[in-house]
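See structure below.
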Amino acid sequence: MESESTEHESAYELLQRGQALMKGRHHAQAAIVLERAARLEPGKGSILEVLARAYYNSGQMERSREAFEALLEVDPSAPFAHFGLGQSLKRLGRRREARTHLRLAVALAPTSELYRGALERLGPAEED
């Protein structure tokens, strides 16, 4: 009976379960649950953000990049989406593109030490 109820979880319930898995540092498992939520609610920013983080934290950089890009399609001015995309691109070795998104994150949230620090750690543009 329990497996039947999990088959019919709402996107909200799946999001809650995914967030709980993330909190417990079970990022790969969270991604699987959050993928289901994203299929139920395509284009939902709150789901895409957590899914992108789950991919990133489980080392799935290409999927992380795709999910952050999808989040930016929903909200092009989301500083965290630019930050996450920049970090994903950096890990994929795409430093020039990473720099662009990290600069946008800093421009959109100039008081964020997290975003500024990530941009600074990328180093000078000449190294790209």
Side-chain angles (χ1 to χ4, degrees):
M1 202 67 162
E2 188 176 320
S3 65
E4 192 175 304
S5 68
T6 58
E7 289 177 21
H8 300 291
E9 285 178 287
S10 70
Y12 178 78
E13 291 166 328
L14 290 165
L15 175 61
Q16 295 297 306
R17 196 150 60 94
Q19 288 174 320
L21 286 164
M22 289 284 290
K23 191 173 184 177
R25 304 181 75 78
H26 302 288
H27 305 296
Q29 295 94 325
I32 293 166
V33 170
L34 294 163
E35 286 169 353
R36 289 178 51 211
R39 281 193 297 276
L40 289 173
E41 294 275 345
K44 182 84 170 186
S46 57
I47 295 170
L48 287 170
E49 181 179 320
V50 182
L51 177 58
R53 288 191 302 118
Y55 285 144
Y56 183 87
N57 290 330
S58 63
Q60 300 178 66
M61 290 307 119
E62 189 59 34
R63 286 183 168 181
S64 175
R65 179 195 60 78
E66 291 170 358
F68 279 120
E69 285 178 347
L71 180 56
L72 284 170
E73 287 177 21
V74 173
D75 184 2
S77 64
F80 185 78
H82 284 288
F83 167 74
L85 179 54
Q87 293 293 84
S88 299
L89 289 165
K90 176 183 166 184
R91 298 264 309 266
L92 288 166
R94 296 164 61 178
R95 295 173 59 83
R96 181 171 287 124
E97 293 167 90
R99 184 177 316 286
T100 298
H101 287 284
L102 291 174
R103 282 182 176 154
L104 284 166
V106 169
L108 291 165
T111 60
S112 172
E113 293 299 321
L114 177 66
Y115 304 161
R116 187 171 304 286
L119 180 58
E120 289 170 2
R121 282 189 301 279
L122 197 53
E126 303 84 57
E127 294 179 10
D128 291 345

Linked, directly or transitively: [X] and [Y] (ILVMFWY side chains, under 4.5 Å):
{"X": "F68", "Y": "L72", "value": "yes"}
{"X": "L89", "Y": "L104", "value": "no"}
{"X": "L92", "Y": "F83", "value": "no"}

task = Begin from the C-alpha positions of E13 and Q16 and carry the test side-chain contact (heavy atoms from CB on, under 4.5 Å) through to its verdict.
result = CA-CA 5 Å; E13 291 166 328; Q16 295 297 306; 5.6 Å; no
note = Heavy-atom closest pair (L40 atom, E9 atom, distance to 0.1 Å) is CD1-O, 3.5 Å
message = If you compare all heavy atoms of V33 against all heavy atoms of G18, which two are closest, and at what distance to 0.1 Å?
response = CG1-N, 3.9 Å
Would you find a donor on one side and an acceptor on the other, under 3.5 Å apart, between the side chain of [X] and the backbone of [Y]?
{"X": "R99", "Y": "P124", "answer": "yes"}
{"X": "S88", "Y": "G84", "answer": "yes"}
{"X": "R116", "Y": "P110", "answer": "yes"}

Name every donor-acceptor pair, under 3.5 Å, that has one atom in a side chain of residues 45-57 and the other anywhere in the protein, sequence neighbours excluded.
{"unit_1": "Y55", "atom_1": "OH", "unit_2": "E35", "atom_2": "OE2", "d": "2.6"}
{"unit_1": "N57", "atom_1": "ND2", "unit_2": "R53", "atom_2": "O", "d": "3.3"}

Under 3.5 Å, which donor-acceptor pairs do the side chains of residues 23-31 form with other protein atoms, sequence neighbours left out?
{"unit_1": "H26", "atom_1": "NE2", "unit_2": "G24", "atom_2": "O", "d": "3.3"}

Side-chain heavy-atom pair L34, R17 within 4.5 angstrom cut-off = no
E120 side, atom CD; L102 side, atom CG - distance, nearest 0.5 Å = 11.0 Å
ask   = Is the closest basic N to carboxylate O distance between R65 and E69 below 4.0 Å?
value = yes
query = Where does the angle between the aromatic ring planes of H82 and H101 fall among parallel (under 30°), tilted (30 to 60°) and perpendicular (over 60°)?
reply = parallel
